Amino acid sequence: MEKLKLAILFFIILLFKDPAQAHEASSKPDSLSQTIKEAISDLVEDNAAFADSKSAKYFRGFLDIQNPRVTMVLCSDSRVQADNFSQGAENDIFMARNIGNQFVTTQGSIEYGIDVLKTPVLIFVGHSHCGAVKAAMGDFSQLPTAIRKEIQTLDVKGAANDQQGVSLNVHHQVEQSLGIFKSKVDSGQLAIIGAIYDFRNDYGYGKGRLIIVNLNGIKNPKEIQKSHYFDDIKKVVIGIQN
Ligand SMILES: [Zn+2]
């Protein structure tokens with residue numbers, strides 16, 4: 001039983017960590033302890049630098065209330081952060097994160113963003129090289145229950161490769177959310193967007209680009225482009241139909 005648990009743990013580590021980027025410290029208790037210390041120190045010191053750099057005026061606009069325009073569902077992957085899409089996410093992006101940018105396991109947070117905070121935009125952001133998508137495309141039956149429960153909410157059926165798996169999953173999450181928010185979309189109160197953040201240039205639009213792949217369930221890039229939402233956005237990338 002212990003051997004099985006160890007094997008599962010090893011599988012999870014392989015699944016979610018790029019071996020080339022894994023911290024060497026993981027096999028050395030002393031350096032691991034140092035890594036922990038440095039990580040905590042960086043958080044504390046970076047926060048202190050942030051707090052010191054801002055005046056009271058900076059926080060005044062949102063001390064008592066938040067007014068975000070966007071509810072974003074983003075994969076938890078550390079290589080993808082709000083900074084990649086926004087130069088001022090504070091009080092603008094209401095964020096729900098989980099592995100695989102799924103709708104179902106974070107539905108309450110999404111409904112809060114849309115029904116309570118009244119954000120007029122809901123965006124699901126997948127990304128290149130997503131560990132959750134890779135897991136969903138393989139046999140994940142041996143993963144621990146809590147992780148398996150989240151992975152099984154992804155739908156990558158028919159994906160020929162990782163890239164297609166990521167876009168299929170984004171489409172699936174948009175479809176799931178349309179099941180709840182369709183009336184808001186139809187009445188023009190809400191736009192639901194599916195997108196992929198591509199830090200590897202897997203899709204050929206350039207490293208670090210956000211690619212719009214779905215608008216309110218529409219997957220055809222030419223049809224999406226016709227929406228007036230994109231009229232004045234010069235640098236928008238709309239692509240990938242599958
Ligand atoms: Zn991911």
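Residues take their numbers from the sequence shown, with the count starting at 1. If you're wondering where the values come from, they're calculated on a predicted model, not measured in any experiment. Computed from heavy atoms alone, side chains included, the values below leave out hydrogens, waters and symmetry copies.
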Close side-chain approach of [X] to [Y], heavy-atom, < 4.5 Å:
X: T71; Y: L117; value: no
X: I193; Y: I212; value: yes
X: I211; Y: Y197; value: no

So that I can tick it off, tell me whether R209 and D198 are bridged by a salt bridge, with the cut-off set at under 4.0 angstrom between side-chain N and carboxylate O. no
Are a donor atom and an acceptor atom from the side chains of [X] and [Y] found within less than 3.5 Å of each other?
X: Q173; Y: Q102; answer: no
X: H129; Y: R79; answer: yes
X: Q81; Y: R97; answer: yes

So with a 6.0 Å cut-off around [atom1] of [X], is the heavy-atom count from everything else above 12?
X: K54; atom1: NZ; answer: yes
X: D231; atom1: CG; answer: yes
X: R69; atom1: CZ; answer: no

Any sub-3.5 Å donor-acceptor pair from N101's side-chain atoms to L74's backbone N or O? no
Tested for side chain to side chain contact (heavy atoms under 4.5 Å, CB included) against K184, the lone hit among L122, L190, I192 is L190
CD/Q164 to OG/S167 distance, rounded to the nearest 0.5 angstrom? 6.0 Å
